[in-house]
Every structure is written in C-alpha cells, then in structure tokens.
Amino acid sequence: MNLSGSARATAAAVVAGATLLATGSIAGAAPAHPVAAAAPDIPVAGVKAHLAQFQSIATANGGNRAHGRAGYKASLDYVKAKLDAAGFTTTVQQFTSSGRTGYNLVADWPGGDTSQVLMAGSHLDSVTAGPGVNDNGSGSAAVLETALAVARAGYHPAKHLRFAWWGAEELGMVGSRYYVGRLSSADRARITGYLNFDMIGSPNPGYFVYDDDPAIEKTFKDYYAGLGIATEPETEGDGRSDHAPFKNAGVPVGGLFSGADYVKTQAQAAKWGGTAGQAFDRCYHSSCDTTANIDDTALDHNSDALAYAVWALSS
Ligand code: DTR
Ligand code: CA
Ligand code: ZN
Ligand code: ZN
C-alpha cells in the first residue's frame, strides 16, 4: 500500500507508539521510560447520575444524608453496590459518634504494590439541614466515578489504589480521624498520598488547589494550566476537611475545592466567571443544597482533574 509522506510518518509513529506500549521501548531506540497511561475523561453525566441518586436518597429519608440517619447508610449502600459490581474489595468500618452509629467505606482496587498506596477520598455525609449535593455529594460522586473509570479501563498501576468515603465529617472529620487513628504506623507509612475532594461543584465556582504537599499541588496545577484556568491556593481549609487527619499523621495530602460560604471577589469573577460579591455556594449547609446547586463545568473539570491526579500519582 503506497502511503503519502505524512501518512508514512503517522504510521511509523503508530508502530513506534504500539511498540513502546508493548515493550517499554521503541525498537532500536534507547530504552524509554514506561509510558504513563493517560487518564480517561470522566463523563460528567455519570457523576451527575450519582448526584441524582444522592438527591433521591435524601428525599426518601427525611431530606438529608446526615451521620447516624437512614439517608447516610442508604448513600453508603449505593456507593458500595457500584464498587462491588465493578470488582473492588470493599470494607465498611463502623464507629460511634454522638450516640449514633457511623460508617466509613473503603474500596481497594486489587493489584499494585501494597507498600505504596495512593488514596483518594471524600466525605459522604451531609448536614441535617439538607441533602448535601454539593457538600459533599459532589466529591463523593467524582471519587466514585473515577474509581469506576479505573475498573472500566482495566487500569493496573504500579501503586495500589484505595478509595474512601468518610462518615461524620460534618461532626469534625470523625470518620477519617477514626480511620487514620486505627492504622498501624507501618500502614500509615505505606500511604504515599491522600487526595481529598470536599465541595467541587459549587454553583458560583472558584478553582482552589490545596497548598499542602508540593508535588500533589503541582499535579493539579499542571492539569489546570493545560485548561488555561488559573487556580488559587486553598488557604481557608487548613484542618477543615478529611485531609487534616492524614496530614497530621505525616501523609502527603492535596485536593481540590470550589468554595463554600466565602464571597467571590471581582478579581476572581474576572478570571473564573460567575458573580462577584456572591458566595461560591449560597446554599452551603442549607436545605437548598440540591441537584440544582451544582455548576456542571466546575464539577466536570474537577472530576477530570481528580482522575488525572490518580493516574499521574499512581504510575
Ligand atoms: N468543612 C467543609 C467545607 C469547607 C470549608 N472550607 C473548606 C476548605 C477545604 C475543604 C473543605 C472546606 C464542610 O463543610 O464539609
Ligand atoms: Ca469530563
Ligand atoms: Zn459541610
Ligand atoms: Zn464538606
């Protein structure tokens, strides 16, 4: 078959790429670094389908998904069923707080070096005032859809992947503190990084990156630089979400945040859009934190950034 010059170049590149993927090097070339698999696009429709389920669960259970209430356990059962069906090894960790039973859900993806564990997590509970779709259905749904994308892709990175959904964050990071507190020092040392996602779909969104571990922060900032979105360091959150127990235990942490009850400035509106002088999330901890309280673009970008970081930090 006669090929034009550019087609020949393309064909050669395809063969080289296939060789590199198959053997880790191009025939005749110096041994190359293994090609890090590229993270898939996370379908925002899939993330929003989980949000719709969380909304329905809250509606059917007194309007919330709070610690110790039926809506929280129903949310956990929903997430667990999806992960079990996808081939994850799931564990439900039970604890008591404020006289009520709480639960963490931990999902291990089989394979990888279990002496190097990359974790991604989010709190699954809402406040009692409402369904908690942005806080924190958004983080929970994005972590779930990324875990399902790992399974769909048959991704088997060098490191071991572990995903987690925490209970009772709204009572003071109770579930994540319980989890970290029960880890042996050896198991704590095996966690190479913990990525936290708490409110990542705010309706008047900001793009904040936790300024904790520099390598994790750079991974997220590189992703957003590729989108041409200027991020800001997340400074109000120190100690205000589930990364705090991990950080206090010496685990490298990072994460993303789209803003809560603070007000967006003119300068922030100029670079991110949205409305200056208005809170990033006017329904923070309110009954109006429903599926209508989500910015799809921010949810999509943050879900894709989540997957990008999981792939980049697990190779
Ligand atoms: N504490 C979280 C919301 C929150 C407020 N500030 C930050 C900063 C970083 C992450 C989360 C938050 C909650 O209400 O669940
Ligand atoms: Ca996407
Ligand atoms: Zn909250
Ligand atoms: Zn939250």
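It should be emphasised that the depicted structure is a prediction, and the values quoted were computed from it without experimental measurement.
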| said: Between E169 and S241, does the side-chain contact (heavy atoms from CB on, under 4.5 Å) criterion hold? Intermediate values first, please. | reply: CA-CA 7 Å; E169 185 274 347; S241 193; 3.9 Å; yes

Does some side-chain heavy atom of [Y] sit less than 4.5 Å from a side-chain heavy atom of [X]?
| X | Y | answer |
| --- | --- | --- |
| L227 | D304 | no |
| N64 | V127 | no |
| V92 | K80 | yes |
| D125 | W165 | no |
| I229 | W272 | yes |
| R100 | R69 | yes |
| P131 | T59 | no |
| L313 | T192 | no |

Does [Y] offer a backbone N or O that forms a donor-acceptor pair with the side chain of [X] under 3.5 Å?
| X | Y | answer |
| --- | --- | --- |
| S138 | I200 | yes |
| N136 | M199 | yes |
| T290 | A292 | yes |
| N302 | A298 | yes |
| D113 | A158 | no |
| R65 | I57 | no |
| R177 | G175 | no |
| D211 | P233 | no |
| E234 | F257 | no |
| N134 | D281 | no |

Could you measure the distance from the [atom1] atom of [X] to the [atom2] atom of [Y]? Nearest 0.5 Å is fine.
| X | Y | atom1 | atom2 | result |
| --- | --- | --- | --- | --- |
| E217 | D222 | CD | CG | 10.5 Å |
| D242 | L195 | CG | CG | 13.0 Å |
| H160 | S314 | NE2 | OG | 11.5 Å |
| I216 | Y194 | CD1 | OH | 11.0 Å |
| N204 | D295 | CG | CG | 8.5 Å |
| H243 | D198 | NE2 | CG | 9.0 Å |

If you look at every heavy atom in [X] and [Y], which pair is closest and at what distance?
| X | Y | value |
| --- | --- | --- |
| S126 | G130 | OG-O, 3.1 Å |
| A86 | A151 | O-CB, 3.6 Å |
| A120 | V143 | O-CG1, 4.0 Å |
| T89 | P110 | OG1-CG, 4.0 Å |
| V47 | S303 | CG2-OG, 3.8 Å |

| message | Tell me every residue that passes side chain to side chain donor-acceptor pair (under 3.5 Å) with S258, counting only those two or more places apart in sequence or in another chain. | response |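 Applying side chain to side chain donor-acceptor pair (under 3.5 Å) to S258 gives S202.
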
| field | With S185 via side chain to side chain donor-acceptor pair (under 3.5 Å) - residues at least two apart | value | none

Do other residues, nucleotides or ligands put more than 12 heavy atoms under 6.0 Å from the [atom1] atom of [X]?
| X | atom1 | result |
| --- | --- | --- |
| K82 | NZ | no |
| K264 | NZ | yes |
| K271 | NZ | yes |
| R282 | CZ | no |

| Can you find a side-chain donor-acceptor pair between D84 and T90 that sits under 3.5 Å? |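 Looking only at side-chain atoms, T90 and D84 do form a donor-acceptor pair, the distance falling under 3.5 Å.
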
| task | Taking atom types as modelled, find out whether Y210 and N196 have a side-chain donor-acceptor pair closer than 3.5 angstrom. | result | yes

| salt bridge (charged side-chain N to carboxylate O under 4.0 Å, His left out): pairs with one or both residues in residues 101-111, sequence neighbours excluded | D108-R162

| request: Please collect all ring-ring contact (aromatic ring centres under 6.0 Å, His included) contacts where either partner lies in residues 284-308, sequence neighbours excluded, each pair once. | output: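 Listed by first then second residue: Y223-Y308.
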
| task | If a pair satisfies ring-ring contact (aromatic ring centres under 6.0 Å, His included) and one of its residues is in residues 97-132, list it, with sequence neighbours excluded. | result | F88-W109, W109-H156

Pairing residues for [X] by the ring-ring contact (aromatic ring centres under 6.0 Å, His included) criterion, not counting sequence neighbours:
| X | result |
| --- | --- |
| H50 | Y78 |
| F280 | F208 |
| Y179 | W166 |

Under 3.5 Å, which donor-acceptor pairs do the side chains of residues 244-256 form with other protein atoms, sequence neighbours left out?
| unit_1 | atom_1 | unit_2 | atom_2 | d |
| --- | --- | --- | --- | --- |
| K247 | NZ | D212 | OD1 | 2.4 |
| N248 | ND2 | A244 | O | 3.2 |

| In terms of hydrophobic clustering (I, L, V, M, F, W, Y; side-chain heavy atoms under 4.5 Å; direct or indirect links), are L124 and V106 co-clustered? | no

| said: Salt bridge or not between D187 and R190? Use side-chain N to carboxylate O under 4.0 Å. | reply: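 Counted as a salt bridge, because a side-chain N and a carboxylate O are separated by less than 4.0 Å.
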
| From CA spacing to verdict: side-chain contact (heavy atoms from CB on, under 4.5 Å), F163, L83 | CA-CA 10 Å; F163 301 88; L83 293 162; 5.9 Å; no

Contacts of type side chain to side chain contact (heavy atoms under 4.5 Å, CB included), residue [X], not counting sequence neighbours:
| X | result |
| --- | --- |
| T265 | A267, Q268 |
| R152 | P43, E145, L148, A149 |
| T96 | none |

| Do V79 and L105 pass the side-chain contact (heavy atoms from CB on, under 4.5 Å) test, and can you show the C-alpha distance, the side-chain angles, and the key distance before you say yes or no? | CA-CA 9 Å; V79 175; L105 174 64; 3.6 Å; yes

| request: I would like to know whether L51 and L299 meet side-chain contact (heavy atoms from CB on, under 4.5 Å); could you show each step before the answer? | output: CA-CA 11 Å; L51 295 184; L299 183 67; 3.8 Å; yes

